[in-house]
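Report on the structure given below.
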Amino acid sequence: MPCRANILVTELFDTELIGEGALPSYEHAHRHLVQENCEAVPHRATVYAQLVESRRMWSWNKLFPVRVQTSLGEQVIIPPSELERCPGAPSVYDIQLNQVSPTDFTVLSDVLPMFSVDFSKQVSSSAAFYSRQFEPLASGQAQVVLSWWDIEMDPEGKIKCTMAPFWAHSDPKGLQWRDHWMQCVYFLPQEEPIVQGTTHCLVAHHDDYCVWYSLQKTSPEENGRVHQMRPVCDCQAHLLWNRPRFGEINDQDRTDQYAQALRTVLTPDSICLCVSDGSLLSMLAYYLGAEQVFTIESSAASHKLMKKIFKANHLENKINIIEKRPELLTTADLEGKKVSLLLGEPFFTTSLLPWHNLYFWYVRTAVDQHLKPGAVVMPQAASLHAMVVEFRDLWRIRSPCGDCEGFDVHIMDDMIKSALDFRESKEAEPHPLWEYPCRSLSEPQRLLTFDFRQPVPQQPVCAEGSMELRRPGRSHGIVLWMEYHLTPDSTVSTGLLEPVEDKVVPCAPNPECADPPLCSRYSCSVFLKPDSYSVVTWPPKQICFFSPLQASGLEADQEGGSGARDLLHLLMLFPQGNCCWNPHCKQGVYFLNPTLDPRVPLLGSPRAVTYTVEFHPNTGDITMEFKLTDIPD
């Protein structure tokens, strides 16, 4: 550069604000590239935090006691003391916070502005802390800090971009959806009781790339104690289990389902072999009466963790841990015994897409020589399912930009499309769909079935067919998931949890309605409008626009009329098809490219989606192709 610049334009942010190196990058720019009184765009960023109590979110960070009902009474699997003391994983958990139900957390503090960074001035990447004193809004257990940031693009702060969730947003109806910048969930090192009417200090710490929080009774400036070290897992669990996996293990209903299935296949002389990474299934088998239990833990980390858990529950001499790959298993590892019950959730830490856990089938094949004739395999089978959906927002990550704020970016659109067409446009990608609302346009359909009672076949497993579109909407993509059939009467789904129904839902009075007595007078019904996810009450005077968690009133522009005609009109105008997804797993999403640009009208009237799906035994991959068609089968 011939001279230093007087304007600095950057986009160096992530959900945590500083996680992509914003601080050292700005620090270097101010020292070497820009003038002292330069103007930066964006100008300033502010980080906000709110302290909450949340059993659901806390279950993403700690192992809860797991209860097992046995013939001898209730057994409780307790976590080792190392897990209880461990501060957890050092990384932030970024999620679409607007999709967390307000019933899942209790607010303990106001929204607190924790610190700001003025990008037009010299920035430091050195470690620092900022404290904010507050009085709790309620008594409870301080467990989780919810955090987000906003940026002011200009020095006067007239142009602002905020990541605030709906309850902290200045204009909830104008809330913009984003997926690159979301909201942060931070876990305190330990939960701490706080009492309404007392005073506490929430402290935000950061180094050059990370932010973390601590809670103190007095300001760190006053007592001189500042915990500068970033929390790091020392129990192994947070290295082996990610946040959704913690939630899955803590799901007592899910544990009860596995226990109930085990009761139907276990006998007093069962020799069990459990194959899943860091699973408690072996402990269930022991408590429910198996004669002997072996568990394979291929990695040193999972072996070390499970050893701690077994010891904490006095099972170190009851369950045998085998630290080796399943294909290397020997008769000596099993003490000369044959396995009568092969168990798996299945769960493997290397799995990204739902069908990657079919690795269990390969394990079953590898240990076939160690299975007793007539041995039981649980799950006995698995099936791949699919459904056509219309996303509320997720389609935007694949939609071309076109003209953006007066800039023509078609060249970039074409470049991205060319890259996707090379391979990715015919592949599914993993997404946790509990964070991304969608409507089903077809019924769920089983595509492939995998029989774990038999070894992996030599020939590919193929399926062709079509899914009829039964609801109006734009077919953005196909959602795929696995279902594991533990027994003939018990199935665990990694995707859709409830049947999709077009049902009428009772409407509770809305305190923010323009005419509250209306909601009080009528026990009205609600119907979902697919494009805006608004809810219309009956009689048709009031439309309550819902973000997933909040409603605000708006007068409806409905023609006069009454009775069955208006009700029928609303039923036709506001079809449902809402989906409830497994919150512990990612589902596969295959995007249908022709529907992703809302500015381009669809040719014809698609009535079905055809599919070709093939499982390749030599690689374990599943290839697929889905296409919109005007002709259903």
> Is there a side chain to side chain contact (heavy atoms under 4.5 Å, CB included) between Asp179 and Gln96 once you walk through the steps?
Replying inline: CA-CA 8 Å; Asp179 198 49; Gln96 295 282 357; 3.2 Å; yes

Under the ring pair (Phe, Tyr, Trp, His ring centres under 6.0 Å) test, which residues partner [X], sequence neighbours left out?
X      : value
Trp434 : none
Trp481 : His385, Trp581
Phe246 : His238, Trp241

> Which word best sums up how the rings of Tyr611 and Phe626 line up, parallel for under 30°, tilted for 30 to 60°, or perpendicular for over 60°?
Replying inline: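 Tyr611 vs Phe626 ring planes: tilted.
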
>> Tell me whether the NZ or CZ atom of Arg56 lies within the 45° cone about the ring axis of Phe105 and under 6.0 Å from its centre.
In response: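 Here Arg56 fails the 6.0 Å and 45° test against Phe105.
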
State, with a plain yes or no, whether a side-chain heavy atom of [X] is found less than 4.5 Å away from one of [Y].
X      : Y      : value
Ile622 : Val613 : yes
Val492 : Tyr258 : yes
Arg398 : Phe591 : yes
Pro244 : Tyr93  : yes
His431 : Leu394 : yes

> What do the steps show when you test Phe422 against Leu420 for side chain to side chain contact (heavy atoms under 4.5 Å, CB included), and what is the final call?
Replying inline: CA-CA 5 Å; Phe422 178 73; Leu420 290 172; over 6 Å; no

> OG1/Thr15 to CG/Asp94 distance, rounded to the nearest 0.5 angstrom?
Replying inline: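 One finds 4.5 Å between OG1 of Thr15 and CG of Asp94.
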
> Distance from Leu280 atom CG to Phe310 atom CZ, nearest 0.5 Å?
Replying inline: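 Result: 8.0 Å between the selected atoms.
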
> So Glu316 and Lys307, side chain to side chain contact (heavy atoms under 4.5 Å, CB included) or not? Walk me through it.
Replying inline: CA-CA 7 Å; Glu316 64 270 32; Lys307 194 171 181 180; 6.0 Å; no

> Looking at Gln236, Glu297, Glu323, which one forms a side chain to side chain donor-acceptor pair (under 3.5 Å) with Ser302?
Replying inline: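 Among Gln236, Glu297, Glu323, the one meeting side chain to side chain donor-acceptor pair (under 3.5 Å) with Ser302 is Glu297.
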
